[in-house]
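The chains referred to below are lettered A, B, ... by the order of the sequence lines, with proteins before strands, and numbering in each begins at 1. Since this is a predicted model, take the numbers as computed values, not measurements.
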Amino acid sequence: MDFTNGLNLQQQQAVMAGLGPVLVLAGPGSGKTRVLTQRIAYLIGSMGVRPYQILAVTFTNKAAREMEHRVVDLLGDMARGVSLGTFHSICARILRREAEHLPFNANFVIFDSDDQVSLVKRALAEFNLDEKIYRPLNVHAAISHAKNELLLPEAFPTTNYREEITQRIYQRYQELLLSNNALDFDDLLLWTAYLLEDNPAVRDRYAHRYEHVLVDEFQDTNLAQYNLLKHLASFYHNIFVVGDTDQSIYRWRGADYRNLLRFEEDYPDTQKIMLEQNYRSTQSILDAAMAIIDRNPYRTPKQLFTDRGQGNKITVFEAYDDRAEADFVITTIATQIARNQALPGDFAIMYRTNAQSRLLEEAFLHANLPYKLVGAQRFYGRREIKDMIAYLRLVHNPNDELSLARVKSVPPRGIGDKTLLNLRTFAQQVDKAPGEVLLGLGQGKQSAYQEAFSGRSGTALTKFGALLYKWSQLAGERSPADLLDQILDDIEYHAYIDDGTDEGNDRWENVMEMRRLAMEYQDKGLSDFLEQIALVSDQDTIEADAKVPTLLTLHAAKGLEFPVVFIVGLNDSVLPHSRSFDDPEEMMEERRLLYVGITRAKDRLYLLYSQNRSMYGYSESAEPSRFLNDLPEEMIDSAQPTRSSRRRSAGLGRVERWPDTQAGSERSAAPIIERRFHPGMRVNHPTWNEGMVLNSRIQDDDEIVDIFFEEVGLKRVAASLARLDILQ
DNA sequence: AGTCATTCCTTTTTT
DNA sequence: AGGAATGACT
């Protein structure tokens with residue numbers, strides 16, 4: 001079998017590299033996923049490696065699924081058994097299997113970010129520390145950072161008082177996690193790394209099993225992940241990593257692109273392969289990307305090239321404010337679809353911070369056009385979903401106090417903070433978790449417990465405990481979906497959240513969506529279901545074949561590509577973000593972030609900034625991003641500033657869905673004769689009055705201009721016929 | 001115990 | 001502007 005079909009020389013070298021460590025430096029769009037998957041196929045198909053001796057690690061479930069899909073495409077059933085997953089899910093699997101060596105048991109739950117902060121708050125409260133001075137979020141960030149550096153509480157550096165306090169909180173935080181039989185995200189990596197470090201027998205078992213270890217996005221690994229990989233590959237040393245320092249954008253999460261350099265030091269016999277040819281973007285887009293990234297110091301310049309041709313210049317658009325940015329995006333998209341230049345799913349709109357999505361969403365909603373927003377938070381962050389997850393988690397693991405606290409009054413059942421505090425105090429006395437005491441009460445056998453809880457609150461607790469007991473019995477024999485049904489039924493949740501309003505209906509719909517997700521775990525069980533929920537990433541919510549424009553953060557955009565990309569909010573203090581100003585390392589990362597965004601575009605790129613932007617509710621004037629200065633004038637098809645038209649455009653009427661068009665293969669080539677009109681120009685028409693130019697192109701010796709008129713909406717005119725005046 | 005109103009605080013980025 | 005957290009009220 002040939003697994004190098006259609007690959008260039010460097011790609012072939014990578015796919016067929018011999019044994020030992022291999023480092024593939026892969027620029028954007030250079031086909032690194034392809035190399036990884038073909039390599040796996042090659043190992044199995046041509047080298048006779050057995051699938052279960054291969055481990056492939058990614059950062060998102062989506063990437064893992066895609067790789068699996070592609071390997072199966074190449075090999076069919078032969079590919080079954082490859083260990084393929086994210087760092088976190090692979091670690092969770094190992095930790096459950098090896099729980100006997102660890103201070104928690106196999107049905108641990110994974111605490112999400114909210115839980116993690118709650119736990120820090122609890123620790124702070126125990127030490128009587130002021131949350132204003134010790135910000136839970138900051139304290140947690142410090143703890144998380146330490147964990148990523150493999151620092152246990154004892155090793156936490158304490159050069160000042162504040163750090164001493166942080167160390168004590170960290171210590172307590174870990175105790176609390178264990179007493180809840182819970183792990184946070186960082187623990188998954190930390191515990192696995194120490195498990196392999198401290199138990200040579202366990203380490204060797206895994207190291208012997210995994211003859212080949214392959215890693216995607218290696219520049220995003222932190223020290224914990226790096227060590228983990230080192231242990232896993234400690235026997236065969238067949239470690240194949242793919243990465244690009246220029247696309248390292250997770251420094252704040254402990255990622256260290258220097259791991260790429262460290263790799264070469266740790267494995268002196270590394271074979272190094274560079275993939276530089278880009279198969280994604282036009283040369284104009286690559287030129288812009290290089291103009292941006294070349295300003296970063298301490299890097300070996302890369303020459304990105306393509307044979308796709310020069311393509312359109314990139315468009316830079318200055319809007320009056322962030323709202324006008326959104327309007328420009330909408331109208332440009334509408335025009336290109338109307339002109340059959342693109343399909344709705346071809347567009348992506350990217351931004352630095354999540355908060356920026358709101359104006360864009362409003363603009364889409366206002367124009368009555370569909371869109372897709374990337375973000376798991378959207379669904380899993382909803383109250384009703386968190387409620388249901390908390391119930392399931394509590395049933396799965398009664399030690400989970402945070403879920404208990406969440407669930408105790410959903411719906412209200414006569415158990416308040418006071419009662420819960422009593423329960424907790426009592427539980428402490430008998431050295432049990434509150435949930436276990438509750439279960440005991442529910443079984444009604446341990447009369448010792450019942451004496452402690454008399455009266456109204458005692459009845460309420462006993463009743464709740466009985467429910468919990470019933471569910472935990474059920475959990476053993478029924479599927480997650482059945483269990484969910486029973487819980488919903490018992491607590492009459494439908495009546496509780498659906499008050500007949502639209503929002504109420506939405507809430508119930510969400511619960512039903514959750515139920516549908518649970519149905520997929522019919523034979524995998526509650527544990528897997530909860531784990532999957534805990535480890536979904538925003539990227540995982542991206543639909544492969546979206547039929548509508550996608551809104552997403554620049555971070556979420558990594559690894560994706562779109563024919564047309566808008567990057568909005570290119571203003572100083574947004575991108576680069578103001579919190580990066582005083583740290584050169586962070587400024588470099590902001591630059592890489594823009595680089596990542598630019599290199600997502602295949603055909604067209606729009607960079608938008610505005611004169612004013614709203615911050616905390618009020619509007620203030622803003623500076624263009626300093627990064628824009630690095631783009632040479634000749635690369636830009638500059639769009640004119642819109643005049644101070646603050647008015648909201650009229651929208652595009654009642655369009656329920658994007659027109660169902662086929663993108664023509666006959667996309668117009670770059671114009672040869674002079675254009676008079678450019679996107680963003682304000683024009684006046686004798687009958688339609690004022691409007692904004694969205695686009696223009698040369699066709700048959702005439703200039704065809706698309707204009708969005710404030711009064712009549714979108715019109716297409718020929719410049720030679722319409723008597724258009726350029727305003728201002 | 002639970003509901004409602006007021007304050008205050010926020011903005012990186014996310015497994 | 002909007003959401004969470006705190007605190008008064010029923």
Side-chain angles (χ1 to χ4, degrees), chain A residues 57-64 85-92 110-114 116-118 121 131-132 135-138 140-141 144 147-148 183-190 217 220-222 224-225 248-255 322-323 350-359 362 374-377 380-381 383 408-421 456-457 460 531-541 552-558 569 573-581 583 586-587 589-590 592-594 596-597 613-619:
Chain A
V57 197
T58 62
F59 275 85
T60 66
N61 295 297
K62 180 174 177 280
T86 65
F87 274 102
H88 290 86
S89 66
I90 285 168
C91 286
I110 299 167
F111 273 0
D112 67 22
S113 338
D114 287 347
Q116 293 169 29
V117 173
S118 304
K121 282 185 185 169
E131 286 190 10
K132 295 248 158 55
R135 288 269 154 99
L137 211 69
N138 294 344
H140 179 262
S144 173
K147 287 184 172 187
N148 288 331
L183 304 189
D184 65 15
F185 296 135
D186 306 314
D187 277 345
L188 293 171
L189 308 172
L190 182 80
E217 307 279 18
D220 287 335
T221 52
N222 57 37
Q225 287 158 331
S248 161
I249 54 174
Y250 286 105
R251 201 177 95 95
W252 47 274
R253 216 166 73 186
D322 34 10
R323 179 165 279 210
M350 302 173 187
Y351 37 82
R352 177 65 178 83
T353 66
N354 278 307
Q356 290 171 261
S357 73
R358 217 183 57 237
L359 277 179
E362 280 173 12
V374 173
Q377 179 63 17
Y380 291 103
R383 185 158 74 265
K408 71 174 206 310
S409 301
V410 179
R413 53 168 67 87
I415 304 174
D417 290 339
K418 191 79 191 296
T419 309
L420 190 66
L421 193 66
R456 190 182 295 262
S457 68
E531 181 173 309
Q532 192 267 344
I533 286 174
L535 297 180
V536 277
S537 73
D538 280 358
Q539 271 218 344
D540 298 334
T541 68
L552 74 179
T553 63
L554 287 162
H555 282 90
K558 189 156 65 89
S573 88
V574 180
L575 181 63
H577 196 272
S578 51
R579 299 202 29 176
S580 315
F581 284 164
D583 183 343
E586 297 219 343
M587 284 300 276
E589 181 145 316
E590 295 289 304
R592 292 195 291 268
L593 201 47
L594 176 56
V596 166
R613 54 189 41 253
S614 40
M615 259 281 177
Y616 303 133
Y618 54 92
S619 184

Protein-proximity profile, nucleotides 3-9 of chain B, B/S/- by nucleotide at the 4.0 Å heavy-atom cutoff, equals ------S
Interatomic distance, CG@Leu188(A) vs CD@Gln225(A), rounded to 0.5 Å, equals 10.5 Å
Leu535(A) atom CG is separated from dT15(B) atom P, nearest whole Å, by 10 Å
Testing dT14(B), dT15(B), dA1(C) for proximity to the side chain of His555(A), the answer is dT14(B)
Item to complete: Would you indicate what Phe59(A) reaches in the nucleic acid, counting non-hydrogen atoms under 4.0 angstrom: base, sugar-phosphate, or nothing?
Response: sugar-phosphate
- Query: So, is Ser409(A) close to the dG2(B) phosphate, meaning a side-chain N or O under 4.0 Å from OP1 or OP2?
  - Reply: yes
Between CD of Gln356(A) and P of dA1(C) the distance, given in whole Å, is 18 Å
OP1 or OP2 of dT13(B) versus the side-chain N and O atoms of Lys558(A): is any pair under 4.0 Å?
no
Exercise for review: Classify the nucleic acid contact of Ile415(A) as base, sugar-phosphate or nothing, counting any heavy atom under 4.0 Å across all strands shown.
Suggested key: sugar-phosphate
Checklist entry - Can you check whether Asn354(A) has a side-chain N or O nearer than 4.0 Å to OP1 or OP2 of dT14(B)? => result yes
Item to complete: Give a yes or no on whether the backbone of Phe111(A) and the side-chain of Gln116(A) come within a donor-acceptor separation of less than 3.5 Å.
Response: yes
Q) Given the P atoms of dA4(C) and dT13(B), what is the spacing between them in whole Å? A) 15 Å
To the nearest angstrom, the CG-P distance between Asn138(A) and dT10(B) comes to 10 Å
note: Ile90(A), atom CD1; dT15(B), atom P; distance rounded to Å ~ 16 Å
Separation of dT10(B) atom P from Glu131(A) atom CD, nearest Å, is 12 Å
Does Ser89(A) make a side-chain N or O approach to OP1 or OP2 of dT15(B) shorter than 4.0 Å?
no
Check your understanding: Hey, what's the ring geometry for Trp252(A) with His555(A), parallel, tilted or perpendicular (30° and 60° as the breaks)?
Key -> perpendicular
Counting any heavy atom closer than 4.0 Å, what does Thr419(A) reach on the DNA or RNA strands: base, sugar-phosphate only, or nothing? sugar-phosphate
Please check if atom CG in Leu421(A) has more than 12 non-hydrogen atoms from other residues, nucleotides or ligands closer than 6.0 Å.
-> yes
Among the nucleotides dT15(B), dT11(B), dA1(C), whichever has the atom closest to the side chain of His88(A) is dT15(B)
Sugar-phosphate only, base, or nothing, as touched by Lys408(A) at under 4.0 Å among non-hydrogen atoms | nothing
- For residues Glu217(A) and Tyr250(A), determine if any side-chain heavy atom of one lies less than 4.5 Å from a side-chain heavy atom of the other. no
Rounded to whole Å, the CG-P distance (Leu552(A) to dT14(B)) equals 9 Å
Say whether Ser89(A) and Asn61(A), considering side chains only, have a donor N or O and an acceptor N or O under 3.5 Å apart.
no
5'-most contact on DNA chain B (nearest-nucleotide basis), Asn61(A) vs Arg413(A), goes to Arg413(A)
Among dT10(B), dT13(B), dT15(B), the one nearest any side-chain atom of Arg253(A) is dT15(B)
Trp252(A) has its side chain closest, among dT13(B), dA1(B), dT15(B), to dT13(B)
Closest of dT11(B), dA1(B), dT15(B) to the His577(A) side chain is dT11(B)
Next on the checklist: Using modelled atom types and a 3.5 Å cut-off, is there a donor and acceptor pairing between side-chain atoms of Asp187(A) and backbone atoms of Leu190(A)?
Outcome noted: no
In whole angstroms, the gap separating C1' of dT13(B) from CD of Glu586(A) amounts to 10 Å
To the nearest angstrom, the CG-P distance between Leu137(A) and dT14(B) comes to 14 Å
> Have Gln356(A) and Thr353(A) got a donor and an acceptor in their side chains that come within less than 3.5 Å?
Replying inline: yes
- Is the closest side-chain heavy-atom distance between Leu575(A) and Leu554(A) below 4.5 Å? yes
Whole-Å C1' distance, dT11(B) and dT6(C): 22 Å
Which part of the nucleic acid, if any, lies within reach of Arg383(A) when heavy atoms closer than 4.0 Å are counted: base, sugar-phosphate only, or nothing? nothing
